[in-house]
Protein chains: 2
Amino acid sequence: MKKNALALNQAATLRGELLNPDCPSRELLKRITSRWTMLVMLALRDNTLRFSEIRRAIGGVSERMLAQTLRYMEEDGLLVRTAYEVVPPHVEYRLTTLGREASEHVLALTDWLENRFPAIQQQRQNAEPRP
Amino acid sequence: MKKNALALNQAATLRGELLNPDCPSRELLKRITSRWTMLVMLALRDNTLRFSEIRRAIGGVSERMLAQTLRYMEEDGLLVRTAYEVVPPHVEYRLTTLGREASEHVLALTDWLENRFPAIQQQRQNAEPRP
DNA sequence: CAGCATCCTAAATGATACTG
DNA sequence: CAGTATCATTTAGGATGCTG
């Protein structure tokens, strides 16, 4: 076994099996970092919101995608859905502890991104096409 | 303006414009949290690697997607590509400071995910279908 | 209001063959 | 080795109409 391969294997062990294509955690990573899931986390971080409120908060999300996203997040235990048996229906969503933990990390990433955004934009300008 | 809307607007201001569909930072978020970009960050976090080494490190990535991912990351200033003019070609990739910063956040998220993975798995088992 | 079902388009990704 | 080009497939996403 070569030196590099050893180093890589150790790293893979330390950080679990995300670099292994067969590990189910990779699928979960996709779900948690999917476009709408991250934005729902941001919207729900400080609030309990209803379906239509979330939809308004997140510009551009369709009913279909929002409903699907919320269902997945509920399945994964990231949020709880509370339906009041009234007419018209009233349904609230709030993050669980698990969801709040995840949202902290997502928020850290998005905050960083918005801070560094100008730097990246400029980088893109300067980026010369590869020879 | 209603109370809830005000709260949402303040939050949106504080965290920039990610909840606004027209904000270019949303596009960048998609790029940074795309499946292969995150895994490349993990693979390159402690190493400078060649194209084929990255490909081996990340199970399941096709040449096409890896090449595209690396090009985007270079464009965004997340990594630098160093090509040695030899035959056969020798090209190395390493994270920039910007890329390393991003990788810290990604790593925090993936570490959390792998820690909590069992909890989420169990949650999924218990999850009863909605009435 | 809070969805679900259906149909359809667009984007992401994969497989394969080829090249400097 | 480090890619690119092309084609095929899968998946995400949107539009619309309908319902408890």
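Just so we're on the same page: letters track the sequence lines, and every chain starts at 1. Atom set for the values below is all heavy atoms of this structure, side chains included, hydrogens, waters and symmetry mates excluded.
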Dump the intermediate steps for salt bridge (Lys or Arg N to Asp or Glu O under 4.0 Å) on A/R35 and B/E27, then the final yes or no.
-> CA-CA 10 Å; A/R35 186 180 175 188; B/E27 193 51 39; over 6 Å; no
Could you give me the CA-CA distance, side-chain angles and deciding distance for A/V40 and A/L66, then say whether side-chain contact (heavy atoms from CB on, under 4.5 Å) is met?
-> CA-CA 9 Å; A/V40 167; A/L66 182 56; 3.8 Å; yes
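One atom, CZ of B/F51, and another, C1' of C/dT19, lie 14 Å apart when rounded to the nearest Å. The CE atom of A/M73 sits 14 Å away from the P atom of C/dG3 (whole-angstrom rounding). Across the protein-nucleic acid pair, A/L79 atom CG and C/dA2 atom C1' stand 15 Å apart, rounded to whole Å. For A/E53 and C/dG3, the CD to P distance is 12 Å, given to the nearest whole Å. Rounded to an integer number of Å, the gap from B/E85 CD to D/dC1 C1' is 13 Å. The separation between B/L49 atom CG and D/dC1 atom P is 15 Å, rounded to whole Å. Here D/dG3 presents its C1' atom at 13 Å from CD of B/E74, a figure rounded to the nearest Å. Rounded to whole Å, the distance from CD on A/E27 to C1' on C/dT13 is 14 Å.
Note on ring orientation: taking the six-membered ring where Trp is involved, the planes of A/Y84 and A/H90 are perpendicular (angle over 60°, cut-offs 30° and 60°).
Across all strands, B/Y84 comes closer than 4.0 Å to no nucleic acid atom at all (heavy-atom distances). Within 4.0 Å of A/R55, counting heavy atoms only, lies no atom of the nucleic acid at all.
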What string of B, S and - do you get for nucleotides 10-20 of chain D 5' to 3' if you count protein non-hydrogen atoms under 4.0 Å?
-> ---BBB----B
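Taking 4.0 angstrom as the limit, B/Y93 places a side-chain polar atom (N or O) nearer than this to OP1 or OP2 of D/dG3. Note on A/R81: every side-chain N or O is 4.0 Å or more away from OP1 and OP2 of C/dA2. OP1 or OP2 of D/dA2 sits under 4.0 Å from a side-chain N or O of B/R50.
With C/dC1, C/dG3, D/dA2 as the choices, the nucleotide that has an atom nearest any side-chain atom of A/S52 turns out to be C/dC1.
Applying side chain to side chain donor-acceptor pair (under 3.5 Å) to A/W112 and the options B/E104, B/E101, B/H105 leaves one that passes, B/E101.
Cluster membership for A/Y72 and A/V91, using ILVMFWY side-chain heavy atoms within less than 4.5 angstrom, is not shared.
The existence of a salt bridge linking B/R81 and B/E92 is excluded, since no basic side-chain nitrogen approaches an acidic carboxylate oxygen closer than 4.0 Å.
In this structure the side chain of B/M41 reaches within 4.5 angstrom of the side chain of B/I32, judged on heavy atoms.
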